[in-house]
Amino acid sequence: MKKLTYILFILLITFYSCDSFLDVRPTGEIVNNELFETAEGYEEALYGVYSFLAREPLYGKNMTYGLVDVVGQYFAGGWDAHWSHKLRVYDYKHMEVRPEIDAIWESMYKGISYVNNMLENLAERDSSAFALYNVYKAEGLGLRAFMHFELLRLFSESILQNSEATGIPYREKYSYQVTPFDPIKVSYEKIIRDFKEAERLLTVHGEYFDREDENAGGFIKDRVIHMNLYAVQALLARVYWEKGDLETAKNYAMKVIECPFFKMEEKTDVEDMVNGVISNKETIWGLYSEEFPNFTRDVLYYNGGSFTYDPKPDYRDIYEVDQDGFDYRLDKWFQTLSDHGAEGLRCMKVVDRFKVRLGARPVSKLSGINMIRLPELYYIVAEYYLVMDNVEMAATYLDKVVRARGLNGFNKGDGIVVVSRMNINNDRRKELVCEGQWFQIMKHYNMSIYESITDQTFQPSKNIYVFPVPDDEYEYRN
């Protein structure tokens with residue numbers, strides 16, 4: 001990581017609070033401070049939002065390996081984690097569960113308000129005021145679209161199951177004004193609109209993976225930890241896939257796959273690929289965070305407490321399906337330890353094993369959270385070709401992932417290729433542990449869900465797949 005950006009991040013995370021984006025007078029009037037007088041102020045504002053997203057209520061825990069992966073049936077809680085049991089059986093109204101769900105809604109909209117504050121201040125400036133004016137605007141729009149989409153996926157029905165469902169409030173103003181709930185189709189339109197405008201601005205302005213702008217300073221460096229052009233395109237692929245438009249999703253996925261900056265990791269590098277660090281090869285967008293290894297240490301590495309996450313007893317069943325070859329994910333991500341405080345089976349995929357053992361990391365990588373990686377795009381393209389009845393091409397793209405993980409793949413070169421959507425989803429489930437995606441995939445396909453500890457099967461319904469909106473959201477509307 002370039003020295004200037006690194007120092008800025010450390011200063012921001014240590015000393016900077018997103019709450020200082022504004023000053024609230026006793027009357028409730030919102031007054032902008034002097035943050036937005038300079039280009040550096042807009043950069044600090046954006047860094048502050050990225051840092052905010054990396055906290056535990058969101059992607060530092062609950063939106064990755066935490067709450068969303070507990071309901072995705074990867075983990076059980078520690079020995080007395082009553083809340084974990086309630087999550088695994090989808091009792092979202094339980095007093096120990098509801099505050100965690102409410103915190104996702106409230107934190108995400110807080111992040112959206114920070115972005116809207118920055119965008120509104122930027123709109124008051126001429127576009128020639130700052131060398132990176134369009135980059136600031138694009139990152140803000142991309143972040144706003146992303147946060148709304150994440151809320152939509154959890155707190156609304158799947159558009160594939162109910163195209164007339166209620167969506168979410170799409171907040172585009174920094175104010176206390178009540179924003180109505182949109183129909184889900186309108187929610188998608190606004191998300192796609194913001195992402196596409198971000199894409200346009202970043203394409204026109206240019207991307208910085210392969211060059212540096214002398215007039216831009218440190219902000220354009222380390223683009224992988226920004227809402228960059230390829231992140232926007234990858235997220236558009238995710239949005240269109242979720243919406244059921246596989247062709248457009250495939251087209252966006254291919255824009256990223258065909259660019260020269262990303263490729264699959266070697267199978268022998270799987271252990272040190274995303275364990276508290278951002279993959280140098282596969283990550284399209286990540287959140288920089290020095291604190292993330294501390295979060296995962298306390299929850300995934302240590303064991304025996306009430307807030308630890310234990311792999312479920314049937315975890316091996318996930319990886320033994322379609323297991324033709326040696327799956328490095330099973331071997332490296334799930335390990336039986338005999339370390340101090342970490343005895344027995346632990347999921348080590350996103351745990352920085354060097355930091356938790358107080359050792360020095362041998363390779364310099366960015367600490368942080370992987371938000372979207374290349375494998376997800378290969379799955380989308382494989383699924384598209386499968387729907388188009390082109391099994392060979394489907395296998396070609398699925399094999400990009402499974403062979404990079406040590407398996408032999410589905411196209412064995414003997415002229416007989418057999419691959420199904422179930423095969424694609426089986427590998428999605430293996431690959432995306434600790435990334436908060438599998439629950440969303442089950443929802444997308446309206447799957448029934450098996451909970452192995454209580455031996456229950458839950459049939460798909462709104463009660464399972466739609467998180468309750470906080471009561472406060474309705475109270476202040478009355």
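Keep in mind that the numbers below use all heavy atoms, side chains included, and drop hydrogens, waters and symmetry copies.
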Student: Given the side-chain rings of Phe219 and Tyr47, with only the six-membered ring counted for Trp, is the space between their centroids under 6.0 Å?
Tutor: yes
Student: Check Lys365, Arg353, Glu265 against Asp272 for a side-chain contact (heavy atoms from CB on, under 4.5 Å) and give me the one that passes.
Tutor: Lys365
Student: For the NZ atom on Lys412, are there more than 12 heavy atoms of other groups (residues, nucleotides or ligands in this structure) within a distance under 6.0 Å?
Tutor: yes
Student: Is any side-chain N of the basic residue among Lys61 and Glu100 closer than 4.0 Å to the acidic one's carboxylate O?
Tutor: no
Student: Taking side chain as C-beta onward, heavy atoms only, is Thr283 less than 4.5 Å from Leu366?
Tutor: no
Student: May I ask you to decide if Gly48's main-chain N or O and Ser51's side chain share a donor-acceptor pair within less than 3.5 Å?
Tutor: no
Student: If only side-chain N and O atoms count, and only distance matters, is there a donor-acceptor pair under 3.5 Å linking Asn426 with Arg429?
Tutor: no
Student: Only one of Arg153, Arg428, Glu431 passes side-chain contact (heavy atoms from CB on, under 4.5 Å) with Gln437; say which it is.
Tutor: Arg153
Student: Angle class for the Tyr240/Tyr252 ring planes (parallel below 30°, perpendicular above 60°, tilted otherwise)?
Tutor: parallel
Student: Under 6.0 Å between ring centres, would you say that holds for Tyr42 and Phe36?
Tutor: yes
Student: Please find out if less than 6.0 Å separates the ring center of Phe146 from that of Tyr59.
Tutor: yes
Student: So does Gln161 get a backbone contact from the side chain of Asn446, meaning a donor-acceptor N/O pair under 3.5 Å?
Tutor: no
Student: Can you check whether Met147 reaches Val115 side chain to side chain, under 4.5 Å on heavy atoms?
Tutor: yes
Student: Minimum heavy-atom separation for Ala395 to Val419, with atom names?
Tutor: N-CG1, 4.2 Å
Student: If you draw a 6.0 Å radius around NZ in Lys243, do more than 12 non-hydrogen atoms from other residues or ligands fall strictly inside?
Tutor: no
Student: Is it the case that the side chains of Ser420 and Asn423 hold a donor-acceptor pair, with the cut-off being a distance below 3.5 Å and no angle test?
Tutor: yes
Student: Flag yes if more than 12 heavy atoms outside Lys355 fall under 6.0 Å of its NZ atom; otherwise flag no.
Tutor: yes
Student: Taking NZ, NE, NH1 and NH2 as the nitrogens, is one of them in Glu157 or Lys443 under 4.0 Å from a carboxylate oxygen of the other?
Tutor: no
Student: Anything under 30° is parallel, anything over 60° is perpendicular, the rest tilted; go ahead and classify Tyr133 against Phe130.
Tutor: parallel
Student: One thing to verify: whether Arg405 and Glu282 come together as a salt bridge, which I'm taking to mean a side-chain N less than 4.0 angstrom from a carboxylate O.
Tutor: yes
Student: Can you see which heavy atom on Thr179 is nearest to which on Pro169, and at what distance?
Tutor: O-CB, 3.6 Å
Student: Please check if atom CD in Glu266 has more than 12 non-hydrogen atoms from other residues, nucleotides or ligands closer than 6.0 Å.
Tutor: no
Student: Compare all side-chain heavy atoms of Arg329 with those of Asp427 and state whether any distance is below 4.5 angstrom.
Tutor: yes
Student: Centre-to-centre under 6.0 Å for Tyr465 and Phe439, is that the case here?
Tutor: yes
Student: Please confirm whether the ring centroid of Tyr384 lies under 6.0 Å from the ring centroid of Tyr397.
Tutor: no
Student: Should the pair Trp105 and Phe155 be assigned to parallel (<30°), tilted (30 to 60°) or perpendicular (>60°) ring geometry?
Tutor: perpendicular
Student: Between Glu383 and Lys250, is the closest basic N to carboxylate O distance under 4.0 Å?
Tutor: no
Student: Heavy-atom count around Met388 CE within 6.0 Å, excluding the residue itself: above 12?
Tutor: yes
